[in-house]
Amino acid sequence: MPTILPGRRLTLLALVLLAVPAQAQDVDFFAVRKGFGLYGAVYETLASEYVDAVDAQALMRTGIGAMTGSLDPYTVYYDEATAAASRLQQDGDVGGVGVVVAERGGRLVVASVLDGSDAERQGVRPGDAVVQVARQPAEGLAAQRANALLRGEPGSDVALELEREGAAEPLRFVLVRAGDPETEVTYSGFVEPGVGYVRLGRFLKDAAGQVEAAVEGLQAEGEMRALVLDLRGNPGGLLDQAVALSGLFLANETVVTATRGRAEGMDQTYRTRRAPVLPELPVAVLVDGASASASEIVAGALQDHDRAVVVGETTFGKGLVQVIRPMPYGTALKLTVSRYTTPSGREIQRLTYVQGRGATEAGPGRAVRTDAGRTVRSGVGIEPDVVVSLGEESELERALVRSAAFLRFANRFAAETPELPAGFRVDGGLLGRFRQFAEGESVQYRTDAERTADALADDLGEAGYDGAERALADLRQAIAREKAADFERHAARLSARLQQEVLSRYVGQKAQAVAALADDPVVTRAREILGDPSAYARALGR
């Protein structure tokens, strides 16, 4: 097995030190040299002398992973294969077939199919179980790897073999890869006369221009007196698109966000660069726990400048800036170099990771003021002005998702129901059938209360409190009764999730969006605020 010679180690050390940016003046180079020497010595000794044969590359990756893992969730090391795939995506020479694969119930399944994609045209459906991807068996294949196999050079094809409930034989497709979708606006329309609605899926390509085009299309259809901008579930994307989108609503040269970092050049302030298209139109921005990064920049800027009412749930809290640095041997390092702040100076990042340099200046919960003097908090994501929560995902719901119960029940429903009834709704009867299905599939889950009772039983046993056994048994029975009522307790969320799962077997994403909006409590609350000028003004502190 090759070893690292002292001379080679010194050469590599020199390369590492040369790679350190010259502007990082506060780097303790003695500590870097000492740490590198120690790491190299330990690595060489383990690789060459450990009692069992050691995979030197895997050992190195473990060490690097431990280093990056001690920082924040977004600083990661890319090996050769991952770095090459990342470069391919950045170059834009990558396309997909419109299918997203996920793991459900221990199997890979089609989680979604993009409207207008080759997969949709050929008849791939959500819920189909994956047998092979690119002629590789799905068994033992990670979802991330399966999705990577589906992507490649636009115009190339990929084989996909699926199983579908009700079909006697596996279904085989040859799907042609295409570039990313032409628009990131997944749906636009009117939720009521005069109230426009635009949902943005990601901040890629010309996302801001696409939102502007969608707004212009709505204005061409009829008078628009208010707008709902839906950023729920939007994971973010390009910073310049977040700034440009904010510029549709804010005056020219208005601060949208700033970055603050340790190295020279990392401190930047980003402002709008055009006259607004909608300078006065009342706006509600919808967010949830999956709204992140660029979504939070837009929501935070409009909130800080009191330009829009933010409605929904607290956002994800992803306010760190990453760059990709090339490393030796075709590898790469994605590392965090700065933090985003909103115009008021609050940090977007939810400050829950280990910070080697101590607490930041804008620590979690620090209160700052918007332009109108409203209080907002730093370091907690973007908290909505008007909270409308769909409720947290229950342990029952998580168990039903993990076991693919929603998916498999929808598959069976679709196999037994060729045409969806007009005005289809998941009523109590259908939810009852779903419950019977889940219980027949023996979906198991444990609640926090059950785990607490088990811990209590252990503590009582160690203390010798045998006389408490009867009371503990009564407690377990009470917990069991409450658990049995979980289906009724969480019926609203379970019904909504089942409705979307069933609808996805019959209609495309746009039709699903229309159906979902009709009963969406967040959209309903936004409409109420936009329809009441005094309520809108109060929400903005006017």
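All values below come from the heavy atoms of this structure, side chains included, with hydrogens, waters and symmetry mates left out. Note that the structure is a prediction, hence the values are computed from the model and not measured.
- Under the salt bridge (charged side-chain N to carboxylate O under 4.0 Å, His left out) criterion, Lys483 pairs with Glu450, not counting sequence neighbours.
- Put simply, the side chain of Met60 does not reach to within 4.5 Å of the side chain of Gln57, judged on heavy atoms.
- Interatomic distance, CD of Gln132 versus CD of Glu163, reported as 10.5 Å (0.5 Å rounding).
- With sequence neighbours left out, Glu469 forms a salt bridge (charged side-chain N to carboxylate O under 4.0 Å, His left out) with no residue at all.
- Remark: Arg489 engages Asp486 in a salt bridge, criterion side-chain N to carboxylate O under 4.0 Å.
- Proximity of a side-chain donor or acceptor of Arg350 to a complementary backbone N or O of Phe316 within less than 3.5 Å is detected.
- Taking CZ from Arg476 and CG from Leu472, the interatomic distance works out to 5.0 Å, rounded to the nearest 0.5 Å.
- Listed by chain and residue number, Glu393, Glu397 satisfy the salt bridge (charged side-chain N to carboxylate O under 4.0 Å, His left out) test with Arg497 (two or more places apart in sequence, or in another chain).
- With rounding to the nearest 0.5 Å, the separation of CG in Leu400 from CD in Glu441 is 11.0 Å.
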- Under the salt bridge (charged side-chain N to carboxylate O under 4.0 Å, His left out) criterion, do Asp427 and Arg425 qualify, and how do the steps go? CA-CA 6 Å; Asp427 56 17; Arg425 306 295 305 163; over 6 Å; no
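- For the pair Asn147 (side chain) and Val100 (backbone), a donor-acceptor distance under 3.5 Å is absent.
- Ion pairing between a basic and an acidic side chain is recognised when a charged N comes within 4.0 Å of a carboxylate O; Glu165 and Arg505 show no such pairing.
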Validation: residues 457-466 side-chain donor-acceptor distances under 3.5 Å, sequence neighbours left out:
none

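- One N or O on the side chain of Gln241 and one on the backbone of Ala207 form a donor-acceptor pair closer than 3.5 Å.
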*Go through Ile382 and Thr342 one step at a time and tell me if the side-chain contact (heavy atoms from CB on, under 4.5 Å) criterion holds.*
CA-CA 10 Å; Ile382 303 300; Thr342 68; 4.2 Å; yes
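- The side-chain contact (heavy atoms from CB on, under 4.5 Å) test applied to Ala138 returns Leu108, Val130, not counting sequence neighbours.
- Checked against salt bridge (charged side-chain N to carboxylate O under 4.0 Å, His left out), Arg125 has no partners two or more places apart in sequence or in another chain.
- Distance alone, capped at 3.5 Å, is enough to place a donor-acceptor pair between the Glu296 side chain and the Ser293 backbone.
- Relative ring orientation between Tyr506 and Phe413 is described as perpendicular, the plane-to-plane angle rising above 60° on a 0-90° scale split at 30° and 60°.
- Within a 6.0 Å radius of CZ in Arg470, no more than 12 heavy atoms belonging to other residues, nucleotides or ligands are found.
- Without hydrogens or angle criteria, Thr68 side chain to Gly65 main chain gives a donor-acceptor distance under 3.5 Å.
- Atom-to-atom distance recorded for Leu407:CG and Ser504:OG is 8.0 Å, nearest 0.5 angstrom.
- The CG atom of Leu333 sits 9.5 Å away from the CD1 atom of Ile324 when rounded to the nearest 0.5 Å.
- Side-chain atoms of Arg177 come within 3.5 Å of backbone atoms of Leu150 as a donor-acceptor pair (strictly under, hydrogens ignored).
- Shortest non-hydrogen contact noted between Asp448 and Glu395 is N-OE2, 2.8 Å.
- Atom CG of Leu286 and atom OG of Ser295 lie 11.5 Å apart (nearest 0.5 Å).
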**Q.** Step-by-step side chain to side chain donor-acceptor pair (under 3.5 Å) determination, Thr341 to Glu347
**A.** CA-CA 5 Å; Thr341 62; Glu347 290 195 7; over 6 Å; no
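- A donor-acceptor contact closer than 3.5 angstrom is absent between the side chains of Arg164 and Asn411.
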